[in-house]
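No hydrogens, no waters, no symmetry mates; every other heavy atom, side chains included, goes into these values. All chains are named by letter (A, B, ...) in the order of the sequence lines, taking the proteins before the strands, and each is independently numbered beginning at 1.
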Amino acid sequence: MRSYDPKKIEAKWQKFWERKKLYKAEEKSKKPKYYALIEFPYPSGEGLHVGHTRSYTALDVVARKRRMEGHNVLYPIGWDAFGLPTEQHAIKTGIHPKIVTKRNTDNYRRQLKSIGFSFDWSREINTSDPKYYKWTQWIFLQFLKKGLAYKAKIPINWCPKDKIGLANEEVVDGRCERCGAKVEKREKEQWLLAITKYADRLDKDLDTVDYLERIKVQQRNWIGRSEGAEIEFRISKSETRIKVFTTRPDTIFGATYLVLAPEHKLVAELLENRKSPPAGRAGKIENRKEIIRYIERTKKKTEIERLAEGKEKTGIPLKGVYAINPANKERIPVWVADYVLPHYGTGAIIAVPAHDQRDFEFAKKYNLPVMMVVCPYYPAPKCPVLDSAYTDDGYLVASGKFSGLKNETAKRKIVKTVGGKWKTVYKLRDWIFSRQRYWGEPIPVIHCAKCGVVPVPEKDLPVVLPDVKKYKPTSSGESPLAAVKSWVNIKCPKCGRPAKRETDTMPNWAGSSWYFFRYTDPRNEKALADKKKLKHWVPVDWYNGGMEHTTLHLLYSRFWNKFLYDLKLVPTPEPYKKRTSHGLILGESGEKMSKSKGNVVNPDTIVKTYGADTLRLYELFLGPFEQAIAWSSESIIGPRRFLEKVWRLQSKLTTNNRQPTTKNLEALLQRTIKKVTEDIEKMSFNTAISALMIFVNECERSSYIPRSVFTTFLVLLAPFAPHIADELWQVLGRAALIHTEPWPSYDEKKIQSGAVTLIVQVDGKVRGTIDVPQGINQEKAASLAKRMPKIEKWLGGKEPSKTIYIPGRLINFVL
RNA sequence: GGGCGAGUGAUGGAAUGGCAGACAUGCACGACUCAAAAUCGUGUGCCGUAAGGCAUGAGGGUUCGACUCCCUCCUCGCCCACCA
């Protein structure tokens, strides 16, 4: 017997699989399809990371098992190749991102192949390939056509260091997600995608998919659906009206002031009326200067500063301006405060300090009245002095004709009386789709002085990224493309007059929003993918990826899917049937792996020292798949030792099945089949591997192993450690590859074969075990157990008052 | 502040309400070896000579029986965060 040499056998089988095109998804097949998907990597300069490979191994196990179960499996791979790090590298070195991307993808491809993933390499895609991004641009044009892509001058998050506009999602604690610089606000014309138009469906359709519950919850929170009422308040002595949004219209009688966001349109309008207000407009503001100063200060504040202030609320009254409460016709002051957000609801609220904690704090600070209108009892004996807002349900008090009603009941009645409108609002905001960057898909529109925004005709797609000399955005924040005059200047496709190309590019989330469609038909030049092929493969059956993509990529791609579905271009309203998430792999000390900390583990090193099969097993054996877990260079030896043991078992094989130990091994094999089969589906890979280890330990104890038992075991091992499985398969003289074998089934009867061990308890405490024949009844089991010397002692001659018997499990005598 | 989740040996972790600590690492001792590595064997929660008792963050409850279910509290992690 040769010794186990992973280096040799792994290279050998990888080559063989590739030559045989073993993992190619079939175009035409009678087998049921199965689409397994992992998030395609961003090919960075550092190369693959053991975090990537954990997820890929998990779905590789699933994909391999599905093939053995008789499915036609699509398990594709590609490159999410546009993005900042490559561009930053280009800025530093002057090397074209295209060249760097080629180098990085070559490295990633080599690494992935060395681990033996069963990807269908013939479908490899690259988002920075013009043949690919032609269709990313094409989809953008469809958004434009439907009015869902629009340009707006909006305050954007501006990173002064990267010189780039950031989406809200890229701002973390008021700082740039990438470089950590303090984010400023800047007004800029930006392209947006109207994802909010789909907010309702993105929320509701979560009911139809099989995602981990925490993923659904996180998406729902992000979308932030909330139902409430829009109610109009009139400004005293004028015709001006303010719409407020509230989820607690039942508390309207307790509104003691009204607050506008500093950015609210009405504030600017009121500030314009310097002297004599035009007829019908609101009155003159007495403290104009202070208000202007307050607004200026708010604009300068970054979000991190607001947080640093400990959420201490600030505001300023609009002196001389009052609003009329439509419920009781009372006059209440109007304030401007930055705790009211301009983009949520109507950017204006009624403040009910007694029943909202934020309003309560604000009222205390500025000495505004607090009026309790919901009490836990009715009639309320006396209104208590509150030291915080009362936000629970109760009965209305001091609310005119509504007093005495339960607050939930009062909601609808009050909204009706004050002429309010029920409305659903969302926290979700439209997706800022412009980047002033080089390394992204050019947004395919042309600006013409006469015709305005003109889409690039579809026949002219793709709009190919031109070569530039400098990759850095201009100091005014324009994309470097703006400097390429020969590219920017173009004739208007409509009127033929001189016009200019859009120089903004798309965010790196664009290409990844539809890549799973392209895999079904990666070389199509006439459409994003052939409809028949889409119909065959879509939706993705199982998609695994990082939790960090839950609110970004996952939501964006669901949005694109829905949009394309509405255009009847893709077959299902949801792209992914099932979504799971893996836990991060942390450094040895439990910190996040990062280049700067120097604790990144490169899979190359592991493959070199231990072999790919060991790496695969270790990554799944580490711990529960969904949990973040620290890498341990000490424990990786375990899976390697396991494979060495498996290797050595070949010397113990026999064709003689009549030996006495065989029966135990056979029963254990049946249990192992069941355990591994079920655990893979539950993503409980660590316990599946432990079951394989238990089986091998038992084989070691046995003096020989029937061939048939061992071959079945190898089939179970194959998805986890495909190289050694195929090698041993060949050693056994089997002609075909192990990966084309059918997945074994198990026989419940064989699992339960022979005697069973009962736990014998007295008063709930374990006092012994006894082997009894299977299917024995309570009476017989009890009499057998009672005769055990130990049990006799514990019973002390007394007759149990009660006997609990769980067949096959335990018997408990209660005294 | 809100949401989600987790507290079990030296460590990673197992356990449909039914033998707590499977499996693995580490450690100790032993075998093999001139030696080391590898490998193999034995042991490894706490107290106790033993019989036995005590142990799954703390306290209580339900149950014949609780790591698991319920209540109160403590600690930690992640995500969101002035969302009306």
Item checked: NZ or CZ of A/Arg2 within 45° of A/Trp647 ring axis and under 6.0 Å -> no
When rounded to whole Å, the CZ to P distance for the pair A/Arg767 and B/G18 reads 20 Å
As its Watson-Crick or G-U partner within any shown strand, both distances under 3.5 Å, B/G5 has B/C76
Is the A/Phe720 ring parallel, tilted or perpendicular to the A/Phe685 ring (thresholds 30°, 60°)?
-> perpendicular
Think A/Lys313 forms a cation-pi with A/Tyr339, using NZ or CZ under 6.0 Å from the six-ring centre and within 45 degrees of its axis?
yes
Which of B/A84, B/C19, B/C80 is nearest the side chain of A/Val340? It is B/A84
If pairing means Watson-Crick or G-U wobble with both distances under 3.5 Å, then the partner of B/U16 is none
message = Using OP1 and OP2 only, check whether a side-chain N or O of A/Gln357 sits under 4.0 Å from B/G2.
response = no
Atom CE of A/Met693 and atom P of B/G12 are separated, to the nearest Å, by 17 Å
Practice prompt. Check every strand shown and say whether A/Lys793 touches a base, only sugar-phosphate, or nothing at a heavy-atom separation below 4.0 Å.
Written response: sugar-phosphate
| said: Is the phosphate of B/A81 approached by A/Asn221 (side-chain N or O, under 4.0 Å from OP1 or OP2)? | reply: no
Pairing partner of B/C40, by Watson-Crick or G-U wobble and under 3.5 Å for both distances, is B/G30
Can you check whether A/Ser226 has a side-chain N or O nearer than 4.0 Å to OP1 or OP2 of B/A84?
yes
By the 4.0 Å heavy-atom rule, please label A/Thr247 as base, sugar-phosphate, or nothing. sugar-phosphate
Across the strands shown, which category fits A/Asp359 at heavy-atom distances under 4.0 angstrom: base, sugar-phosphate, nothing?
nothing
| task | Determine the interplanar angle of the A/Phe362 and A/Tyr366 rings, folded into 0 to 90°, and report it as parallel if under 30°, tilted if 30 to 60°, perpendicular if over 60°. | result | tilted
Testing B/A20, B/C4, B/C23 for proximity to the side chain of A/Phe621, the answer is B/C23
A/Ser690 has its side chain closest, among B/A81, B/G18, B/C23, to B/C23
Using atom C1' of each nucleotide, how far apart are B/C76 and B/G57 to the nearest Å? 10 Å
Taking a pair to mean Watson-Crick or G-U wobble geometry with both distances below 3.5 Å, B/A35 pairs with none
Just to be sure I understand the rule, does A/Pro624 reach a base, reach only the sugar-phosphate, or reach nothing, if contact means heavy atoms closer than 4.0 Å?
sugar-phosphate
message = Can you tell me if A/Asn686 touches the phosphate of B/A14, counting only side-chain N or O atoms and a distance under 4.0 Å to OP1 or OP2?
response = yes
**Message:** Please determine whether any donor N or O and acceptor N or O are separated by less than 3.5 Å between the side chain of A/Gln761 and the base of B/G18.
**Reply:** yes
Separation of B/C40 atom P from A/Trp647 atom CH2, nearest Å, is 17 Å
Please state whether the phosphate of B/U39, meaning OP1 or OP2, lies under 4.0 angstrom from any side-chain nitrogen or oxygen of A/Arg641.
yes
Whole-Å distance, A/Leu555 CG to B/C80 C1', equals 14 Å
P spacing across the pair B/C71 / B/G3, given as an integer number of angstrom:
15 Å
**Asked** Hey, does the side-chain of A/Arg809 have a donor or acceptor N/O within less than 3.5 Å of a partner on the base of B/U16?
**Response** yes
query: Can you find a donor-acceptor N/O pair under 3.5 angstrom joining the side chain of A/Lys313 to the base of B/C82?
result: yes
Between CG of A/Leu810 and P of B/G17 the distance, given in whole Å, is 15 Å
Answer for the Watson-Crick or wobble partner of B/C69, both distances under 3.5 Å, is B/G61
Regarding the side chain of A/Lys802, the nearest nucleotide among B/A84, B/C23, B/C64 is B/C64
Relative to its sugar, using the 90° cut-off around 0, the base of B/G9 is syn
Closest of B/G52, B/U39, B/A22 to the A/Ile694 side chain is B/A22
Mate of B/U11 across any strand shown (Watson-Crick or G-U wobble, both atom pairs under 3.5 Å) is B/A24
Closest of B/C82, B/C40, B/G53 to the A/Tyr339 side chain is B/C82
Per atom distances to the A/Asp356 side chain, the nearest of B/C64, B/A84, B/U25 is B/A84
Among B/G52, B/A14, B/C82, the one nearest any side-chain atom of A/Asp338 is B/C82
Pairing partner of B/C46, by Watson-Crick or G-U wobble and under 3.5 Å for both distances, is B/G53
Determine the contact category for A/Arg225: base if any of its heavy atoms lies under 4.0 Å from a base atom, sugar-phosphate if only primed atoms, P, OP1 or OP2 are that close, otherwise nothing. nothing
- Message: For a quick check of understanding: with a heavy-atom distance under 4.0 Å over all strands, which category does A/Ile629 fall into, base, sugar-phosphate or nothing?
- Response: sugar-phosphate
